[in-house]
Amino acid sequence: MNRREFVVGCSAAITAMAGSQLESFAFAPEPNAQKDIFVFVFLRGGCDALNLVAPVDDRHYVAARPAFLRVTEQGKNQGLRLKNSWANQDFRLHGKANALHELYQSNQLAIIHACGLSNGTRSHFDAMDMIERGVNQKQNSKDGWLTRYLQTAQLEGMLPAMAAETNLPASFIGSNQAASIKSVKDFKVNGDPRFLGILKTMYQGDSLLAQTAQQTIETLNYINKKIAKDSKGRRKKYQPSNGVKYPDRWKDGGLGQSLQTVAQIIKMGVGLQVATVSLGGWDTHENQAFHFPRKVAGLSQALSAFYKDVTNYQKRLTMLIMSEFGRRLKANKSNGTDHGHGGVALVLGGNVNGGKIYGKWPGLATEQLDKRVDLDVTTDYRSVLSEVLQKRMASQQLAQIFPGFDAYQPLGFV
């Protein structure tokens with residue numbers, strides 16, 4: 001049983017407890033105060049890499065899509081020009097990614113194009129599952145790649161890992177160090193305050209369940225202590241730093257609120273080093289010209305807001321944003337794009353060698369495409385993850401984290 005399961009179980013058994021009345025505990029100083037923080041943002045549904053970062057002057061690209069489904073050199077869908085262009089082509093960000101463009105131009109955002117799973121699957125479920133388990137083929141893996149990282153890193157913080165989601169994603173399967181915290185205000189045991197003492201009494205001893213329960217209670221209590229309260233003990237609304245305003249949920253699908261939760265936990269000093277966030281809605285088979293710009297705008301604004309909110313932590317922060325795969329080069333008959341192959345990853349942080357596109361561009365001529373229809377993959381997604389883990393998270397156990405993968409070659413983006 002992990003911490004989240006314990007909290008859910010407690011909440012189901014007892015009701016509505018005032019968080020300000022949790023019992024007090026004493027804790028040692030945070031052991032990971034100078035360690036790096038890794039935030040993984042998973043764009044679920046298959047984000048159209050060729051509509052997010054596009055070679056606008058590629059004749060094959062232009063021929064494959066109507067102007068309303070591609071980034072253009074001028075006109076309504078004019079893209080944001082990227083410095084240090086790549087493969088002798090004019091690559092541009094989608095026009096609604098203004099905030100990301102600013103980060104790229106200031107050398108804090110790097111782009112890795114034509115990356116992903118090398119096996120060519122077009123199944124959402126299979127692709128997401130394999131990426132979260134850190135493998136390239138379907139197999140009965142009992143744990144996720146972040147679970148294996150946590151096992152090798154042996155972090156000591158009170159809350160070393162979290163998912164700002166309702167449930168732990170597959171990348172944390174098998175971990176007893178990660179908690180799912182969708183919202184800080186909801187991360188509490190509901191019920192009469194006396195029940196906390198009863199719970200502590202119930203879960204004594206050295207068993208895994210007892211240890212998990214005790215650690216959960218301590219974590220709940222400590223987080224509650226860190227939340228600002230008014231004179232009556234009521235929780236105050238979180239105030240982001242630097243006057244930041246996160247996008248409304250209807251604008252970004254809730255990504256901003258999830259990232260705000262991560263920012264709040266980072267600032268609490270509970271030893272957070274790994275966090276995951278998900279954003280769905282990228283499966284644009286139909287009416288992509290309506291849906292995609294709104295998704296891009298929300299993504300761009302939410303990431304920028306979070307980055308500015310944690311200004312004091314930027315030198316310790318690395319964010320990786322990727323999807324399970326990209327979309328088909330050619331548009332379909334429903335004014336959208338179907339499941340493709342090669343994708344794009346974004347890396348943001350204070351130690352990122354930004355303002356540059358990394359990887360190897362395969363080209364968009366028919367003979368250069370995967371199965372003659374999709375952008376090919378030239379960088380295995382595990383190479384991207386490995387570079388972050390090795391260079392920023394001090395991991396030397398890549399073979400254990402990504403079993404069977406021995407083709408890691410650093411690209412130099414961090």
Side-chain angles (χ1 to χ4, degrees), residues 43-82 85-97 100-101 104 110-118 120-122 124 127 281-297 299-300 321-346 357-379 381 384:
L43 308 181
R44 298 181 186 273
C47 175
D48 187 356
L50 293 173
N51 204 12
L52 183 60
V53 183
V56 297
D57 59 346
D58 187 296
R59 62 185 180 89
H60 305 290
Y61 178 66
V62 174
R65 300 183 176 197
F68 61 83
L69 283 183
R70 57 182 167 87
V71 181
T72 59
E73 296 182 72
Q74 55 188 357
K76 181 180 178 180
N77 295 319
Q78 183 175 353
L80 304 170
R81 189 185 296 273
L82 298 172
S85 204
W86 190 45
N88 297 317
Q89 293 190 254
D90 183 4
F91 277 85
R92 300 191 187 190
L93 266 175
H94 192 282
K96 294 296 184 180
L100 290 178
H101 185 254
Y104 180 91
I111 298 170
I112 301 102
H113 219 317
C115 66
L117 281 158
S118 60
T121 182
R122 271 77 169 169
H124 290 301
W282 297 93
D283 198 14
T284 50
H285 289 283
E286 300 177 344
N287 202 13
Q288 182 169 320
F290 175 81
H291 297 292
F292 194 82
R294 287 161 175 76
K295 297 298 295 184
V296 171
L299 173 68
S300 178
I321 303 97
M322 64 182 297
S323 190
E324 71 266 29
F325 47 59
R327 313 295 295 185
R328 192 66 54 89
L329 169 61
K330 290 186 178 181
N332 62 27
K333 295 180 180 180
S334 300
N335 294 326
T337 50
D338 296 326
H339 298 178
H341 190 206
V344 64
L346 310 176
I357 304 177
Y358 293 82
K360 179 182 178 182
W361 183 242
L364 297 178
T366 300
E367 63 274 13
Q368 296 171 320
L369 300 175
D370 179 71
K371 297 183 180 178
R372 301 178 66 85
V373 291
D374 294 335
L375 176 67
D376 199 8
V377 169
T378 57
T379 299
Y381 80 98
V384 180

Residue pair [X] / [Y]: nearest heavy atoms and the distance that separates them:
| X | Y | value |
| --- | --- | --- |
| Thr366 | Arg372 | CG2-NH2, 3.3 Å |
| Leu364 | Tyr61 | CD1-CB, 3.8 Å |
| His94 | Leu80 | O-CD1, 3.5 Å |
| Gln89 | Pro55 | NE2-CB, 3.8 Å |
| Trp282 | Val296 | CH2-N, 4.0 Å |

Is there a donor-acceptor contact under 3.5 Å linking the side chains of [X] and [Y]?
| X | Y | value |
| --- | --- | --- |
| His341 | Asp374 | no |
| Asn332 | Asp338 | yes |
| Gln288 | Asp48 | yes |

field: NZ/NE/NH1/NH2 to OD/OE distance under 4.0 Å, Arg327 and Asp283
entry: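 A salt bridge is present here (some side-chain N lies under 4.0 Å from a carboxylate O).
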Given 3.5 Å as the limit, does a donor-acceptor pair link the side chain of [X] with the main chain of [Y], or not?
| X | Y | value |
| --- | --- | --- |
| Asn77 | Ala67 | yes |
| Ser300 | Leu100 | yes |
| Ser334 | Glu286 | no |

field: Qualifying residue for side chain to side chain donor-acceptor pair (under 3.5 Å) with His339, from His124, Arg122, Arg328
entry: His124
message: Could you go through Tyr358 and His113, starting from their C-alpha distance and side-chain angles, then the distance that decides it, and tell me whether this counts as ring pair (Phe, Tyr, Trp, His ring centres under 6.0 Å)?
response: CA-CA 7 Å; Tyr358 293 82; His113 219 317; over 10 Å; no
Lys/Arg cation over aromatic Phe292: Arg294, 6.0 Å, 45° cone: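 Geometry flag: not set, cation outside 6.0 Å or 45°.
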message: Quick one, Leu329 and Leu375 - any side-chain contact, counting heavy atoms below 4.5 Å?
response: no
- prompt: When Phe91 is tested against each of Ile111, Val71, Ile357 for side-chain contact (heavy atoms from CB on, under 4.5 Å), which residue passes?
  reply: Ile357
